[in-house]
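Accompanying notes for the structure given below.
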Amino acid sequence: MKTHEVKAALRARFCAPEWGIFFEVADGTGANQRRWADAVSINLWPSRGLEIHGFEVKVSRSDWIRELKNPEKSEPVQRYCDRWWIVAPEGVIREGELPPTWGQYEVQKGDALRQVAAAPKLESKPVTREFVAAMLRRASGIDENEVRAAVRAEVEKQRANDRTTIEREIKLRTQKYERVMDHIATIERIAGVKLTEFTDSEEIGRAIRAVQHLGLNKTYGGLSSLRNDLRRMVGNLDQAIALFCGPEAETEDTA
């Protein structure tokens with residue numbers, strides 16, 4: 001992982017409207033510059049205390065070991081910060097190495113930040129005009145690599161969303177297919193016909209439509225109702241024949 005990728009992750013996490021972030025911030029300007037922080041972020045919401053957070057970025061184990069040999073070098077900038085953090089990929093910082101006044105963010109796949117250890121509240125000193133000037137000088141500081149890293153992170157985010165949408169659609173369609181196949185299996189079992197081998201699908205469709213139209217699909221209740229209707233119709237016909245043709249017609253018909 002490259003430094004500009006970590007910076008892109010920081011910019012994505014500490015962004016407007018809640019935060020303002022500056023990179024490569026010195027403790028002063030001109031000849032008064034002594035030390036630099038990789039990043040400084042200011043909270044812009046009074047309800048959050050307008051805290052100032054400082055960040056050291058380390059992308060390799062060797063960089064971190066050098067930092068551990070002289071952690072006091074960050075003090076010229078750290079003294080103006082309410083919290084101080086180390087930001088590094090997984091595996092760079094080992095358990096028990098974190099200074100007690102530092103917090104830790106771990107950069108994960110997709111340039112996401114995961115808080116490993118909370119940074120304690122520091123006794124910060126009042127911010128000087130020189131420090132404000134040093135931050136403002138870096139207000140527009142963003143390099144091409146950082147832009148590319150930010151764009152890549154956003155593209156990966158969109159791709160992840162697309163993958164989630166596609167997987168959800170595949171799951172829904174698979175469930176629908178399985179329900180349809182269950183229905184087909186039930187019809188084949190009861191009808192004794194293999195629909196996948198029966199070529200005249202229109203005939204099957206017409207038969208199903210006729211059954212539904214006649215109400216035969218209501219199992220015994222539908223058949224019983226149809227039988228009663230037929231009996232009434234036969235009785236009505238017999239009465240009509242007797243009225244129009246006389247009793248002998250009914251006798252002849254019966255014979």
Which atom pair, heavy atoms only, marks the closest approach of [X] to [Y]?
X: A88; Y: K58; result: CB-O, 3.0 Å
X: V77; Y: A37; result: CG1-CB, 3.6 Å
X: A26; Y: A134; result: O-CB, 3.3 Å
X: S124; Y: D82; result: OG-OD1, 3.0 Å

Can you list the steps and then say if M135 with V40 is a side-chain contact (heavy atoms from CB on, under 4.5 Å)? CA-CA 8 Å; M135 286 189 291; V40 172; 3.7 Å; yes

Are more than 12 heavy atoms from other residues, nucleotides or ligands located less than 6.0 Å from atom [atom1] of [X]?
X: E97; atom1: CD; value: yes
X: K125; atom1: NZ; value: no
X: R159; atom1: CZ; value: no

Co-membership, hydrophobic cluster, residues L50 and V127, 4.5 Å side-chain: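 L50 and V127: separate clusters.
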
In one Ile/Leu/Val/Met/Phe/Trp/Tyr side-chain cluster, 4.5 Å: V116, V107: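 Hydrophobic grouping puts V116 apart from V107.
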
I'd like to know if the side chain of [X] reaches the main chain of [Y], judged simply by a donor and an acceptor atom lying under 3.5 Å from each other, with no hydrogens or angles considered.
X: R83; Y: H53; value: no
X: Q175; Y: L172; value: no
X: R35; Y: P76; value: no

Tell me which pairs pass salt bridge (charged side-chain N to carboxylate O under 4.0 Å, His left out) where either residue lies in residues 160-175, with sequence neighbours left out.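 Counting only pairs at least two positions apart or across chains, the salt bridge (charged side-chain N to carboxylate O under 4.0 Å, His left out) contacts touching residues 160-175 are E169-R173.
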
When rounded to the nearest 0.5 angstrom, what is the spacing between [atom1] in [X] and [atom2] in [Y]?
X: W85; Y: L113; atom1: CH2; atom2: CG; answer: 10.0 Å
X: E51; Y: L44; atom1: CD; atom2: CG; answer: 12.5 Å
X: C81; Y: I52; atom1: SG; atom2: CD1; answer: 6.5 Å
X: L68; Y: I93; atom1: CG; atom2: CD1; answer: 8.0 Å
X: E67; Y: S74; atom1: CD; atom2: OG; answer: 6.0 Å
X: F131; Y: Y80; atom1: CZ; atom2: OH; answer: 7.5 Å

Below 4.5 Å, heavy atoms only, C-beta onward: do [X] and [Y] meet side chain to side chain?
X: K2; Y: V59; answer: no
X: L10; Y: V57; answer: yes
X: Q78; Y: W102; answer: yes
X: F14; Y: I42; answer: no

Please report the C-alpha distance between R66 and D63 in whole Å, then the side-chain angles of each, then the deciding distance to 0.1 Å, and finally whether the salt bridge (charged side-chain N to carboxylate O under 4.0 Å, His left out) criterion is met. CA-CA 5 Å; R66 284 194 294 271; D63 286 344; 2.2 Å; yes

Pairs flagged by side-chain hydrogen bond (donor to acceptor under 3.5 Å, both in side chains) wherever residues 39-48 is involved - sequence neighbours left out: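 The answer is E18-N43, E18-R48.
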
Whether E24 and K7 form a salt bridge (side-chain N of Lys/Arg under 4.0 Å from carboxylate O of Asp/Glu) is what I want to check.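 Here K7 pairs with E24 in a salt bridge, since their nearest N and O are under 4.0 Å apart.
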
Any salt bridge linking E123 with R79? Criterion: basic side-chain nitrogen under 4.0 Å from a carboxylate oxygen.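 Answer for the salt bridge query: no.
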
Determine whether the aromatic ring centres of residues F55 and F23 are separated by less than 6.0 angstrom.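 No; F55 has its ring centre 6.0 Å or more from that of F23.
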
Who pairs with Q108 by side chain to side chain contact (heavy atoms under 4.5 Å, CB included), at least two apart in sequence or on another chain?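 Expected list: E106, R114.
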
Test log, rule side-chain contact (heavy atoms from CB on, under 4.5 Å), inputs W84 and L122: CA-CA 8 Å; W84 192 260; L122 305 176; 4.1 Å; yes

